[in-house]
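Notes for the one structure printed next.
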Amino acid sequence: MSNIEQTLSIIKPDAVERNLENEIKQMFKDNGFQLVKEKKIQIEKSEAESFYKVHETKPFYNDLCAYLSSGPIVVMVLEKENAVIGNRELMGATNPNDAEVGTIRKKYGISIDKNSVHGSDSIENAKIEINFFFKD
Ligand code: CMP
């Protein structure tokens, strides 16, 4: 039985700033993802706080929100079979130092903060995050 899912991906400021947008999109396409929706935007810190609300009690919350709102980002809806877990595998570990060879974060990530991409961590959060950026 096919299990087509959608997940939210963000190309973060560190990667947009280094002109990696097209290379990263190509990695998604090469791995069978369809880019169903995409837009390049810059968000307010208050919007980043709302997006990352699940992390509000974490010590890194303030820096994380300041960072995500510090420059242009590319937000995308990716679609394929089992897209949520597939995207997490393709991104690699949160900390680029721990990421496997061949993953986006290993290839492009600079640090745990500047780790180039965000991806939804569950099907439930994918729906919430897609709705956050692409409310029609
Ligand atoms: P992301 O997948 O966008 O989700 C939350 C982000 O917080 C994460 O990627 C990291 O870039 C950032 N972050 C900073 N410090 C930590 C940490 N100690 N543990 C997890 N995430 C962190």
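Side chains included, hydrogens not; waters and symmetry mates left out as well; all remaining heavy atoms used.
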> Does the side chain of Asn125 pick up a donor-acceptor pair with the side chain of Glu129 at under 3.5 Å?
Replying inline: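 Checked: Asn125/Glu129 side chains show no N/O donor-acceptor pair below 3.5 Å.
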Is there side-chain contact between [X] and [Y], with at least one heavy-atom pair below 4.5 Å?
X      : Y      : result
Lys114 : Lys12  : no
Asn115 : Ile110 : no
Asn62  : Lys45  : yes
Gln26  : Asn22  : no
Ile11  : Met76  : yes

Between [atom1] of [X] and [atom2] of [Y], what distance do you get to the nearest 0.5 Å?
X      : Y      : atom1 : atom2 : answer
Asp121 : Thr7   : CG    : OG1   : 8.5 Å
Lys107 : Glu23  : NZ    : CD    : 6.0 Å
His55  : Tyr61  : NE2   : OH    : 10.0 Å
Glu17  : Ser116 : CD    : OG    : 10.5 Å
His118 : Tyr52  : NE2   : OH    : 5.5 Å

Would you kindly confirm whether [X] and [Y] end up in one hydrophobic cluster when ILVMFWY residues are joined by side chain heavy atoms under 4.5 Å apart?
X     : Y      : value
Val54 : Phe132 : no
Ile41 : Val117 : no
Ile85 : Met91  : no
Phe51 : Ile130 : yes
Leu64 : Phe133 : yes

Least distance between heavy atoms, [X] atom then [Y] atom:
X     : Y      : result
Asn87 : Ser9   : ND2-CB, 4.4 Å
Leu8  : Ile10  : CD2-CG1, 4.0 Å
Met27 : Tyr108 : SD-CE1, 3.7 Å

>> Check whether Phe134 forms a cation-pi arrangement with Lys39 (NZ or CZ under 6.0 Å from the six-membered ring centre, at most 45° off the ring normal).
In response: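 Yes - Lys39 lies over the ring of Phe134, closer than 6.0 Å to its centre and within 45° of its axis.
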> Among all residues two or more places apart in sequence or in another chain, which pass the side-chain hydrogen bond (donor to acceptor under 3.5 Å, both in side chains) test with Lys80?
Replying inline: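 Result, side-chain hydrogen bond (donor to acceptor under 3.5 Å, both in side chains) vs Lys80: none returned.
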> What pairs with Glu5 under side-chain hydrogen bond (donor to acceptor under 3.5 Å, both in side chains), at least two apart in sequence or on another chain?
Replying inline: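 For Glu5, the residues satisfying side-chain hydrogen bond (donor to acceptor under 3.5 Å, both in side chains) (neighbours in sequence not counted) are Asn3.
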Partners meeting side-chain contact (heavy atoms from CB on, under 4.5 Å) with [X] (sequence neighbours left out):
X      : result
Ile112 : Thr94, Asn95
Val36  : Gln6, Gln34, Val77, Glu79
Asn31  : Phe33, Leu90

Under 3.5 Å, which donor-acceptor pairs link side chains of residues 67-74 to any protein atom two or more places apart or in another chain?
from: Tyr67; atom 1: OH; to: Asp14; atom 2: N; distance (Å): 2.7
from: Tyr67; atom 1: OH; to: Asp14; atom 2: OD1; distance (Å): 2.5
from: Ser69; atom 1: OG; to: Cys65; atom 2: O; distance (Å): 2.8
from: Ser69; atom 1: OG; to: Ala66; atom 2: O; distance (Å): 3.2
from: Ser70; atom 1: OG; to: Tyr67; atom 2: O; distance (Å): 2.6

> Judged by atom type as modelled, is there a donor-acceptor pair below 3.5 Å linking the side chain of Glu47 to the main-chain atoms of Glu44?
Replying inline: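 Flag set: sc Glu47 to bb Glu44 pair under 3.5 Å.
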